[in-house]
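Here is the structure we will look at.
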Amino acid sequence: MIAVVDYDAGNIKSVEKALQYIGEKPVITREISQINKADKVIVPGVGAFEDAMGKMNRYHLTETLRKVAASGTPIMGICLGLQLFFERSDESEHDVEGLGLLPGEIVRFPEKEGYKIPHMGWNSLKINPSSRLLKGIPEDTYVYFVHSYYLQAKHEEDVAATTDYIVNVHAAVEHDNVFATQFHPEKSGDVGLEILKNFASI
């Protein structure tokens with residue numbers, strides 16, 4: 001069973017529909033008992049880092065998700081979910097602590113003439129060939145992004161894919177049982193469905 005964590009951060013329905021389309025039976029939940037017994041956990045989300053971490057704490061999900069990751073259960077973050085997996089974000093006015101599942105930080109795109117922020121639309125990926133999450137996905141495949149802040153992972157070996165937009169963006173990461181994408185696989189057509197299938201089969 002795949003638990004899709006509902007912490008009032010949106011983007012739940014499109015993830016649920018994509019998982020159902022590939023034959024999974026996701027459970028949308030914030031119940032700690034259900035999350036703990038899930039075979040896999042997905043943390044989607046759109047919105048602001050500080051607000052989202054406030055909801056995580058309110059629903060007692062922060063320690064739950066840290067324990068899930070520590071237990072070896074495959075866990076995947078999508079968009080804001082990826083950002084929450086890291087230690088901190090420039091978006092947070094009060095320097096709120098993230099889940100800290102992986103080392104790194106979330107920083108704001110620098111202004112550059114000719115480029116719009118947020119980064120919104122389709123961009124191509126440079127893929128680490130050892131990635132399990134992106135197994136079988138061709139180099140330079142296009143996926144869908146919507147974000148104003150981007151990941152700087154501390155360890156290069158955690159980076160599963162990058163994209164270029166103003167700067168070199170760490171677009172996907174994986175380390176042991178922890179996976180995350182800044183882009184939206186559930187909005188990235190057949191390629192995105194393949195990525196979700198890869199996660200479901202891990």
Side-chain angles (χ1 to χ4, degrees), residues 1-7 9 11-12 14-16 18-19 22-24 26-28 35-36 38-46 49 52 56 61-62 64-87 89 98-106 123 125-139 141 143-147 150-163 169-188 190-202:
M1 180 263 284
I2 297 179
V4 180
V5 180
D6 178 8
Y7 58 106
N11 204 40
I12 293 281
S14 53
V15 172
E16 179 186 29
L19 289 168
I22 63 170
E24 298 297 326
V27 174
I28 311 299
I35 294 169
N36 285 338
D39 301 312
K40 296 178 179 67
V41 175
I42 294 180
V43 183
V46 292
F49 186 96
M56 283 277 181
L61 292 169
T62 303
T64 300
L65 294 176
R66 286 172 178 164
K67 286 175 182 174
V68 165
S71 75
T73 299
I75 183 169
M76 179 179 179
I78 296 174
C79 194
L80 179 59
L82 169 139
Q83 298 187 3
L84 299 178
F85 278 16
F86 286 83
E87 295 163 320
S89 172
L99 294 171
L101 305 188
L102 293 173
E105 62 180 1
I106 309 302
N123 266 64
L125 296 177
K126 296 295 182 189
I127 296 170
N128 181 332
S130 67
S131 169
R132 291 176 289 158
L133 187 64
L134 302 172
K135 183 181 178 183
I137 304 300
E139 185 80 347
T141 288
V143 291
Y144 188 76
F145 291 84
V146 184
H147 60 128
Y150 70 97
L151 167 65
Q152 290 182 337
K154 185 174 182 181
H155 301 308
E156 194 68 36
E157 59 267 28
D158 292 342
V159 179
T162 61
T163 194
V169 175
H170 293 164
V173 291
E174 59 183 80
H175 183 95
D176 295 336
N177 59 307
V178 178
F179 303 83
T181 63
Q182 180 61 70
F183 58 87
H184 287 272
E186 78 286 359
K187 296 178 181 175
S188 297
D190 290 343
V191 167
L193 294 175
E194 282 301 315
I195 293 169
L196 291 173
K197 279 183 193 173
N198 284 345
F199 178 70
S201 66
I202 286 167

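Quick note: residue numbers are just sequence positions, from 1.
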Any non-hydrogen side-chain atom of [X] less than 4.5 Å from a side-chain atom of [Y]?
X: I78; Y: V43; value: no
X: I137; Y: E194; value: yes
X: L151; Y: F86; value: yes
X: L193; Y: S188; value: no
X: V5; Y: I42; value: no

Please step through side-chain contact (heavy atoms from CB on, under 4.5 Å) for the pair I2 and V27, ending with a clear verdict.
-> CA-CA 6 Å; I2 297 179; V27 174; over 6 Å; no
Can a donor-acceptor pair be found, under 3.5 Å and without considering hydrogens, that links the side chain of [X] to the backbone of [Y]?
X: T163; Y: N123; value: no
X: E87; Y: G104; value: yes
X: S131; Y: L134; value: yes
X: N198; Y: K135; value: yes
X: K40; Y: I202; value: yes
X: R132; Y: D176; value: yes
X: N11; Y: P44; value: no
X: Q83; Y: F49; value: no
X: H184; Y: F145; value: no
X: N177; Y: A69; value: yes

For the student: nearest non-hydrogen atoms of [X] and [Y], plus distance:
X: I12; Y: D6; result: CD1-CA, 3.9 Å
X: F85; Y: V178; result: CD2-CG1, 3.8 Å
X: L65; Y: L101; result: O-CD2, 4.2 Å
X: V173; Y: V159; result: CG1-CA, 4.2 Å
X: Y7; Y: G45; result: OH-CA, 3.6 Å

Rounded to the nearest 0.5 Å, how far does [atom2] of [Y] lie from [atom1] of [X]?
X: E186; Y: T181; atom1: CD; atom2: OG1; answer: 7.5 Å
X: L125; Y: F183; atom1: CG; atom2: CZ; answer: 5.0 Å
X: E24; Y: D39; atom1: CD; atom2: CG; answer: 9.5 Å
X: Q152; Y: H170; atom1: CD; atom2: NE2; answer: 7.5 Å
X: M56; Y: R66; atom1: CE; atom2: CZ; answer: 10.5 Å
X: T141; Y: I127; atom1: OG1; atom2: CD1; answer: 5.0 Å

Please identify each residue that fulfils side-chain hydrogen bond (donor to acceptor under 3.5 Å, both in side chains) with T162, with sequence neighbours left out.
->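 Applying side-chain hydrogen bond (donor to acceptor under 3.5 Å, both in side chains) to T162 gives none.
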Run the side-chain contact (heavy atoms from CB on, under 4.5 Å) check on Y150 and V169 step by step: do they pass?
-> CA-CA 6 Å; Y150 70 97; V169 175; 3.9 Å; yes
Output, in order, the C-alpha distance, side-chain angles, deciding distance and verdict of side-chain contact (heavy atoms from CB on, under 4.5 Å) for K126 and E139.
-> CA-CA 6 Å; K126 296 295 182 189; E139 185 80 347; 3.1 Å; yes
Quick one: do L133 and F199 satisfy side-chain contact (heavy atoms from CB on, under 4.5 Å)? Show the steps, please.
-> CA-CA 6 Å; L133 187 64; F199 178 70; 3.8 Å; yes
Would you kindly say whether E105 and S89 are connected by a side-chain donor-acceptor distance under 3.5 Å?
->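 No donor-acceptor contact under 3.5 Å links the two side chains.
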